[in-house]
There are 2 protein chains.
Amino acid sequence: MRPNGRRTTLADIARAAGVSVATVSKVVNGRGDVAPHTRTRVQELLHRHDYLAPVFRHTEAVASPTIEVQFKGGLKLYVAETLEGIIDSAAELGASVVISKATGAPHWARDLVSAGRRAVIAVTSVYTTAHLNELARSGLPLVVLDPLHLPDSRVHSVGATNFAGGLAATRHLLSLGHRRVAYLGGPAMAVCNQARMHGYRAAMEAEGARVPETYVRPGEFTHETGLLGAPALLDLEEPPTAVFAGNDEIAVGAVEAARARGLRVPEDLSVVGFDDTSLARMASPPLTTVRQPLREMGGAALRTALRLADGEKPESHHIELATELVVRASTAPPRRW
Amino acid sequence: MRPNGRRTTLADIARAAGVSVATVSKVVNGRGDVAPHTRTRVQELLHRHDYLAPVFRHTEAVASPTIEVQFKGGLKLYVAETLEGIIDSAAELGASVVISKATGAPHWARDLVSAGRRAVIAVTSVYTTAHLNELARSGLPLVVLDPLHLPDSRVHSVGATNFAGGLAATRHLLSLGHRRVAYLGGPAMAVCNQARMHGYRAAMEAEGARVPETYVRPGEFTHETGLLGAPALLDLEEPPTAVFAGNDEIAVGAVEAARARGLRVPEDLSVVGFDDTSLARMASPPLTTVRQPLREMGGAALRTALRLADGEKPESHHIELATELVVRASTAPPRRW
DNA sequence: CTGAAAGCGCTTACAG
DNA sequence: CTGAAAGCGCTTACAG
């Protein structure tokens, strides 16, 4: 924008650079016949003055700001619920939401800028230094939802209080009288998993309950991890009387595995999940779980993305929304107490 | 486009209409100082020559074709799985997918055209005459996925062979020896529900099995319908020994209700679902269900939408993909046979 | 490698 | 209500 509020024109840049409009036009269109140092100077001025080529003005003038949401792997329930929060907030704020799977193609970030996207929201995404460099080059703001990495100040992120959630889940089991509580979790590398696990450990320690090595099993955030992990726990010499699962899918798998060997939930084994997706309500028995405010997290991510797109700098590069224990029917006092 | 392949310009239209470029410009920009009949004639020519204002050329020139996917209510598992099919096909074909909830605001279709969308995919949507009129005015192609209405030749739609699925599910139960089979379905008005129910009736009749009035219960496609409907069936004087549910959520609710009154599935009651979402695999016991090829249906809808956007006319305005019975652990021969 | 000049597509203030 | 004319932002063939 120029001081008077009109768009920057090639003439403005030409004046500032001391070259002709024709030369600036060549730089904008990537023609070859421009001296390298002239090109550099002009590019710098174009960027500083926020020049936008006519074909791209559509982005600002007509279309609502468009945010790209990227996810990895399948569109799981908890991604879907987060997405719903993003969509609802976008509708409220007049933004559009494009959804895609993360590909990591060579110029992905610059391609998104070319397509008119104003920011990216990555759902539970891993990002490498290469990703961050590509992003920096493109100037595209990124918000990571439920980050798998430790918050990095170069990236904005929205998560939930996973540690507090793990603490609450485990305290609930302890308060029912359980002492042998195991943790059947997600990927050891994922920070959300680590935080839940340390919440569990903290609660156990505070109560003076032992946590044998064998009581903490990492895995994936899948039904199968529950199906395979629970039998391994139940085969231990001192099997747990309660399992805190890293998410609802794992919990449902664990319940199924227990049932397959004739154990009843919660009479013979208590199970707590995490997320409180609709799966938790539909499980049999309905799962005691730790609610993540997935819709609200999606909304917060969208608002952050729009603010970054407008050039604002949020106060904090990472926020966490509160988790909450939801007690249903999959937990009870241990059998022999 | 002009004959030589270049874009139609205002000058082309002015020549064709026998007016000045200035007048055409006014029509394009919706200014008031144009005689009504002049405006009409110019608009007609603009449309015929496919004139695209500069701000909108971005749509064709730079961005990939963008399809809007609209859904109603929550982003349920089966919507999410369909959406995944749409996203994957879009990535393959270089299209972008915008996702939103259907609002039905006054000029929704024209607003979508203004935002550069090339077509709409509505997931399980109701459409009224008002909707169709608004669509016709906007020129935006619509593809309905899993239509709730009977196929209408003005609308393109993609569905599954619901009747055949209902038939297969019921035959499976009959072949296990069940004779008292009930149908716990979705909304009575939804054609997909009607087709499943009639497939059920056809199978029952073919086998000479009675279908008392009370054996067919409509509801919603929700867990709650199963939770509430199954007890009503089990309270009948001649309770069914098997329940064919209109979708997986209903089936899971029915299983839970049966268990709540001490019945085991499948020993005391067999239950079949419909959809084969991931919920069916995670249910306890894993559900016998009728698979809808949701990803493939999403892909077919996307391809149809892109073809319509390019002005092609698909051979048929409605296609159905095949359903398939998936036998898991929620069905067995009846107890007293 | 640079830029003056011609030209394109569009808009707009204004005369009729 | 219409259009001639001036003007804007941009591109490009070409002279230097």
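Note on naming: letters A, B, ... go to the chains in the order of the sequence lines (proteins, then strands), and numbering restarts at 1 for each one.
Regarding B/R15, its CZ atom lies at a distance of 12 Å from the P atom of C/dC8, rounded to whole Å. Here the P atom of nucleotide C/dC10 and the CG atom of B/N29 are 10 Å apart, to the nearest Å. Whole-Å rounding puts the B/D12 CG to C/dC8 P distance at 12 Å. Between B/L10 atom CG and C/dC10 atom P there is a gap of 4 Å when expressed in whole angstrom units. We find that CG of A/L52 is positioned 15 Å from P of D/dG9, with the value rounded to whole Å. For the pair B/D33 CG and C/dT12 C1', the computed distance is 10 Å after rounding to whole Å.
Within 4.0 Å of A/A22, counting heavy atoms only, lies at least one base atom of the nucleic acid. At a threshold of 4.0 angstrom between heavy atoms, the contacts of A/V21 include nucleobase atoms, whether or not backbone atoms are also involved.
At least one side-chain nitrogen or oxygen of A/S25 sits closer than 4.0 Å to the OP1 or OP2 atom of D/dT11. Using a 4.0 Å cut-off, no side-chain N or O of B/Y51 falls inside it from OP1 or OP2 of C/dG9. Between B/T23 and D/dG3 there is a side-chain polar atom (N or O) within less than 4.0 angstrom of OP1 or OP2. Using a 4.0 Å cut-off, no side-chain N or O of A/T38 falls inside it from OP1 or OP2 of C/dC1.
Contact annotation: the side chain of A/L308 approaches that of A/H156 to within less than 4.5 Å [non-hydrogen atoms, C-beta and beyond]. Residues A/D146 and A/Y78 form a side-chain contact, since some pair of their non-hydrogen atoms from C-beta on lies under 4.5 Å apart. In this structure, B/I99 and B/F71 have side chains that are in contact, with non-hydrogen atoms separated by less than 4.5 Å.
Looking at residues two or more places apart in sequence or on another chain, you find a salt bridge (charged side-chain N to carboxylate O under 4.0 Å, His left out) between B/R307 and B/E312, B/E315.
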For DNA chain D, please output the secondary structure as dot-bracket, reading 5' to 3'. Pairs are Watson-Crick or G-U wobble, both atom distances under 3.5 Å; mark crossing pairs with [ ], other-strand partners with |, unpaired with a dot.
|||.||||||||.|||
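When atom types are taken as modelled, the side chain of A/S157 and the backbone of A/V144 share no donor-acceptor pair closer than 3.5 angstrom. Judged by distance alone, with hydrogens and angles left aside, the side-chain atoms of A/R118 form no donor-acceptor pair with the main-chain N or O of A/L306 at under 3.5 Å.
Annotation: C/dG3 and C/dG7 have their C1' atoms spaced 16 Å apart (nearest Å).
Closest to the side chain of B/P36, out of D/dC1, D/dT11, C/dC1, is D/dC1. The side chain of B/R31 lies closest to C/dT12 when the candidates are C/dT12, D/dC1, C/dT2. Between D/dC10, D/dT2, C/dG3, one nucleotide has an atom nearer to the side chain of A/K26 than all others, and that is C/dG3.
Closest approach of B/K101 to A/D88, counting heavy atoms only: NZ-OD1, 3.1 Å.
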